[in-house]
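Numbers here simply count residues along the sequence, with the first being 1.
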Amino acid sequence: MRTSTIATVACMVFLAACAGKRETNRDSQKYDWCSVPIVGGGFVDGFILHPTDKEVRYCRTDMGGAYRWDAGEEKWVQMLDWVSLDECNLQGVESIAVDPTDSRKVYLACGTYTNQNGSILKSADGGKTFKRTDVPIPMGGNENGRGNGERMMVDPKNPSIIYFGTRQSGLWRTIDEGESWSRVESFPDVEEQTSSNDWHKRGSGIIAVVFDEEGDDVSGSRGIYVAVSLKGRENLFVSHDGGMTWAGVEGHPQRLRPTHMVKSSDRKLYITYADTPGPSRMNDGAVWCYDINAGTWNEISPLRFEEGTNAGFGYAAVSVDSHNANHLIVSTHGLWGKHGYGEEEMFRSTDGGSNWTPLFKHGYRYDHSKAPYTKMAPLHWMFDIEIDPSDAEHAYFTTGFGGWETFNLSAGEREGDTIVWSIATDGVEETVPLELYCPPSGARLVSGVGDYGGHTHFDITRPTPQGMHYAPYFGNTDGVTGAWKRPEQMVRVGVIFNHLQDIPAISYSEDGGMTWQGCKTSPMEKAESGHIAVNADGSVWVWTPRGGKPYYTTDKGETWAECQGLPENIRVVADKENPKKLYAVDVLDKAIYRTFDGGITYKRDSLDIELTTTQPRRRGDNRGGQDRIYAMPERESDLWLAAYDGLYHIDGDKPTEKKGHVETIYAFGYGKAATDGGYPSLYIIGVVDGIYGFFRSDDIAESWTRINDDEHQYGLVLHICGDMQEYGRVYVGTHGRGIITGKIK
């Protein structure tokens, strides 16, 4: 399940982290880039299916870009890998609109947080290339209500006209296919006055636009319905004159907030409601139908309660079969453990909402083969559900780890039949890697990720068959590393999944990351996350829990003792050759700490380094690879300090050497040398000679080669790590785009 950790931290550091340098082409080495598959891993909050072209589909994510469906390859393809660090706010996608008259045209409203304005991207080639229009509209692709929708819609009678409902800026419109936008001044004031502390209760602005193609005017649809995330006041508006004037729809429910709105072929509006926009907690909800022809309202909630009684849950989404107006599906949010339901539910009706069948109480099964880790992920966050306009048996629903689809939806109506749900997001990668570790042998890559623990990839071309790390399951894994001389031993630290168990948040593997075993004790009460180090032969582990002091164990976590001479919250790394040596740095204090007794006592020395800023939030994302020290394989006492504002080589007792060319570092790593016995290749993400990019050095940082290009930037990136078993292969940890791997073309 998605947690608030990633979103909260990202929002705090977003502006500072996006303060990157210019991007341009320069002499570089050609690389092929692709994903290391985990599949899904984040909130796919909307599927958008073209009404007439069965091969045109899109999906949007809250912080990991947007994808188009490749029918030939039968997988999703990311459309926003070109987004630069400076433009990383575009990675959260607020809404997607397709042109119903031209399946090649698609529009994306992009903006992750409302602390800055967003942009609208237009593509005329099915999402392969885009033209960008900046708009004075704050967008919140990763804020509350991000599953509501769809906010942006193309007029089917005149595709030059597009309406976009915003969170804070009212209703906007373009009449020239997105070239220019203006606010619809005649639309009512729907600003919501509420305390800034009540973000989880506050509405999410205008959440849906629906066209009613009444009349014969070819200049555009005369009827337009707009739903707003308000309660206790008017929240559904209509225009009958093409957007010139607006009024509240007579008799519409106002007790709850609309969350989704769709229109059937027989001119009925189906609207789901809840007391909050979600995915914040919902405590009440309903489903209503408005018959446009008759002007009447009818509550059709699958579960009905006495008036004045809260349902205890809300309704998240609704979909209607475009060819059968009586065929509906709706989804819940917060139903777990209530009213006899053990989990969330999707209800199906074949008579326009008079009767409902709970599909997950009926016979069904999951096919987890495309993403084995989802076996342990509970059903949640079904904030969009879609019946395929070209195939009523085909339906999607979203979750916090991707999405599911079925090709036999009607099985829910047949006694003894089984709906088969399979992962629908092959190609979608929306994890946030928090640590990457490449051992010298065995597994190619071991990752710690946000929300879904971590994975051991022996084969980087397919998802890990054993799923995410377990025994125990972590939510976030903040640290993972291993004993360099005993690569079969690895240790990881993080946060126990949703804090469901009161057990130590540290685990180790003795078979190279295939299986894991929890430690018996923690060094301090509520120890979790932080940093982990393992000395060269695996005899000593040093754990600095988040906000705590460093502790060491020599018996795999049976007992712990406090390290002497180290400050709180400092990251310790181990020498890759000498098990007696470990190191730590405090860049802002210009201090390096060394131990020669296996991690027990540390001596402080001064560092001769230059700092451009001493403000932590201006030194990049604090989860990134900057301001860390790295120990080189096969070389005792050989260290690199990847400071935010420069790269330093610390080789034994020699004076600290600042390397040239490197101006800013966001991530640092090393990998297999270009020649046998040669010095490891070095990798950075940062600014070299005024150019931002991904770089490799094969000559001990004397020169650097850019290895990415402007089409492969991935927005905000946190980590880079070279493969120790294949020269030139590198792994990049992104903020919402998963793990990317590159190899020399």
Can any side-chain N or O of [X] pair as donor or acceptor with the backbone N or O of [Y] at less than 3.5 Å?
X	Y	answer
T272	V287	no
D284	F313	no
E429	G40	no
S221	D212	no
T174	D176	yes
S349	N355	yes
W336	L379	yes
E393	L409	yes
W76	A424	yes

Between [Y] and [X], is there a side-chain donor-acceptor contact under 3.5 Å, judged purely by atom types and distance?
X	Y	answer
T296	D291	no
S331	H333	no
T309	E306	no
E386	Y396	no
E405	H394	yes
E143	T114	yes
N144	S280	yes
E179	T133	no
R348	T357	no
Y58	R68	no

Do the rings of [X] and [Y] sit parallel, tilted or perpendicular, given the 30° and 60° boundaries?
X	Y	result
Y315	F347	tilted
F397	W421	perpendicular
H339	F305	tilted
H252	F237	tilted
F401	W404	perpendicular

Does atom NZ of K338 have more than 12 heavy-atom neighbours, drawn from other residues, nucleotides or ligands, at distances under 6.0 Å? yes
With a 6.0 Å cut-off (strictly less than), is the heavy-atom count around CD of E234, excluding the residue itself, greater than 12? yes
Nearest heavy-atom contact between K231 and D275 is NZ-O, 3.6 Å
Quick one: side-chain contact (heavy atoms from CB on, under 4.5 Å) partners of V262, sequence neighbours excluded? Y270, V318, V320
Residues passing the salt bridge (charged side-chain N to carboxylate O under 4.0 Å, His left out) test with E299, sequence neighbours excluded, are R304
Please determine which of R202, R257, R167 meets the salt bridge (Lys or Arg N to Asp or Glu O under 4.0 Å) test together with E192. R257
Worked verdict on W172 versus F164 for ring-ring contact (aromatic ring centres under 6.0 Å, His included): CA-CA 5 Å; W172 285 65; F164 176 40; 8.6 Å; no
